[in-house]
Amino acid sequence: MPTFKLLIEYEGTRYSGWQTQTNTSRTIQGHLQRAADELVGRASLGGAGRTDAGVHAVGQVAHLRTSRRIRPEELEWGLNERLPHDIHVLSAETAKEGFHARRDATARVYVYQISRRRSALAKSFVWWVKDRLDERRMTEAAALLEGKHDFAAFADKRAAGESTLVVVDRVEVGEAGDLILIRVAASHFLWKMVRKLVAALAEVGRKGMEKSEIESRLREGGPRFEPTAPPSGLFLESVHYRGMETGRRLEPIVPVGRPEGSWQRAKKH
C-alpha cells in the first residue's frame with residue numbers, strides 16, 4: 001500500500017486540537033482525513049504530535065496510506081483544494097513502506113512566543129505578559145530543565161498512568177524585537193508540559209519565583225505547578241527523524257513589531 005509523508009502547517013485557533021474526537025468535527029486530523037477520503041478513497045492518516053486546542057504548527061508530520069496510486073504533487077494539490085484556509089499541506093512525498101509519523105520520530109520541537117507588548121495583529125500567536133521579564137534569569141532556569149527528569153510537576157492530571165520521566169534534549173531562550181522565544185526539544189512530551197514549563201520560566205523571569213523552586217519540583221516530582229501558559233503562543237516547529245539535521249536558528253514564527261524605520265519612511269510619503 002503506498003505510503004506518503006506529509007508536512008503540514010496550521011493555525012490552531014479555531015480547532016479542538018490535532019486528534020480526531022468523537023464529540024467534535026473541528027480537529028486538524030478530522031479535516032485532513034475527510035479531504036483524503038474524498039480525494040483517494042478510504043485512507044489511513046496519523047500524525048507525529050497531538051497538539052492541543054489552540055496550538056499551532058509549522059512542521060507537523062503525518063503519514064497517509066492509500067490503495068490508490070497517486071503522484072505526491074497531485075496528492076498535495078488535491079488535499080489543499082479541499083482543506084480550509086488555516087490548514088495547509090506544505091509538501092507530500094513518497095515514504096518507505098511502514099513509515100509511521102509518530103513511532104519513527106526521534107524528537108519533537110516546540111517554540112513558544114511571549115510578547116512584551118499588546119499586539120492587535122499577532123494576538124492569536126503570542127502570550128502577552130505585561131510584567132517585565134528578566135531574560136537572563138529565564139535562561140538560567142531553562143538550563144535546569146535539560147536532561148532526564150521527572151516532570152510530574154509540569155504535567156496536567158490527565159498524564160496519570162503514564163511515566164512522567166522525560167529526556168529534554170535542549171531548552172533555548174532568546175529575544176527577537178518585542179518577543180521572548182522559548183524552544184524546547186524532547187523525544188516526547190507530557191500533556192500541557194511545554195505550556196507549564198513556559199509559565200514557570202515566565203514566573204522566574206518576572207521574579208515571582210526562584211529557579212531553585214523549579215529544581216526542587218524536578219527532584220521531588222511535585223507539587224504540581226498550576227499556572228499554564230495559553231495555547232496561543234505555542235507552535236510545533238518540527239519533528240525529527242533519524243538522519244535529519246537538527247540545527248536551526250531560533251527566530252520568530254510570527255513576528256511582532258514594526259520593521260525598523262517604517263515610521264520614518266511613512267512620514268516621507
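Counting heavy-atom neighbours within 6.0 Å of Arg50 CZ, excluding the residue itself, gives a total of 12 or less. Within a 6.0 Å sphere centred on CZ of Arg118, other residues, nucleotides and ligands contribute 12 heavy atoms or fewer.
In this structure, CZ in Arg224 is found 10.5 Å from CZ in Arg217, a value given to the nearest 0.5 Å. Atom CZ of residue Phe225 and atom CE of residue Met193 lie 14.0 Å apart, to the nearest 0.5 angstrom.
Annotation: side chain of Tyr15 is not in contact with side chain of Tyr10 (no heavy-atom distance under 4.5 Å). Side-chain contact between Arg14 and His85: present, with at least one pair of heavy atoms (C-beta onward) separated by less than 4.5 Å. The closest side-chain heavy-atom distance from Val61 to Ile8 is not below 4.5 Å. Here the side chains of His188 and Val166 are in contact, with some heavy-atom distance below 4.5 Å. For the pair Phe151/Leu197, a side-chain contact is recorded, criterion being any heavy-atom separation below 4.5 Å from C-beta on. Put simply, the side chain of Arg69 reaches to within 4.5 Å of the side chain of Pro2, judged on heavy atoms. Contact check for His56 versus Leu236: no side-chain heavy atoms found under the 4.5 Å cut-off. Leu7 is not listed as a side-chain neighbour of Gln60, based on a closest heavy-atom distance of 4.5 Å or more.
A donor-acceptor contact closer than 3.5 angstrom is absent between the side chains of Ser115 and Asp178. A donor-acceptor pair shorter than 3.5 Å cannot be found between the side chains of Lys192 and Thr228. Under the 3.5 Å distance criterion, with hydrogens and angles disregarded, a donor-acceptor pair is assigned to the side chains of Glu11 and Thr13. There is no side-chain donor-acceptor pair under 3.5 Å between Trp18 and Asp52.
Paired with Phe235 under the rule side-chain contact (heavy atoms from CB on, under 4.5 Å), one option of Thr51, Ile253, Val55 passes, and it is Ile253.
Within the 3.5 Å criterion, the main-chain N or O of Val89 finds a donor-acceptor partner in the side chain of Asn80. Judged by distance alone, with hydrogens and angles left aside, the side-chain atoms of His240 form no donor-acceptor pair with the main-chain N or O of Ala185 at under 3.5 Å. In this structure a side-chain-to-backbone donor-acceptor pair under 3.5 Å is present from Glu74 to Arg71. In this structure a side-chain-to-backbone donor-acceptor pair under 3.5 Å is missing from Thr164 to Asp150. Although no hydrogens or angles enter the test, the distance criterion places a donor-acceptor pair under 3.5 Å between the side chain of Asp37 and the main chain of Ala43. When atom types are taken as modelled, the side chain of Arg108 and the backbone of Glu237 share no donor-acceptor pair closer than 3.5 angstrom.
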Worksheet entry | Intermediate values then yes/no, salt bridge (Lys or Arg N to Asp or Glu O under 4.0 Å), Glu251 and Arg183 | CA-CA 10 Å; Glu251 55 188 8; Arg183 174 189 277 154; over 6 Å; no
Discussion item. Under the criterion salt bridge (Lys or Arg N to Asp or Glu O under 4.0 Å), I'd like the reasoning laid out for Arg34 against Glu38: C-alpha separation, chi angles, the key distance, then a yes or no.
Written reply: CA-CA 6 Å; Arg34 286 189 290 275; Glu38 183 180 324; over 6 Å; no
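Neither Val109 nor Leu234 shares a network with the other; the hydrophobic side chains, linked directly or stepwise wherever heavy atoms of I, L, V, M, F, W or Y lie under 4.5 Å apart, form separate groups for each. Linking ILVMFWY residues whenever their side-chain heavy atoms come closer than 4.5 Å, directly or via other members, leaves Leu32 and Val239 in distinct clusters.
Under 4.0 Å is where a charged nitrogen must lie from a carboxylate oxygen, and between Glu215 and Lys211 no such pair does. Using a cut-off of 4.0 Å between Lys/Arg side-chain N and Asp/Glu carboxylate O, Arg248 and Glu172 are scored as not salt-bridged.
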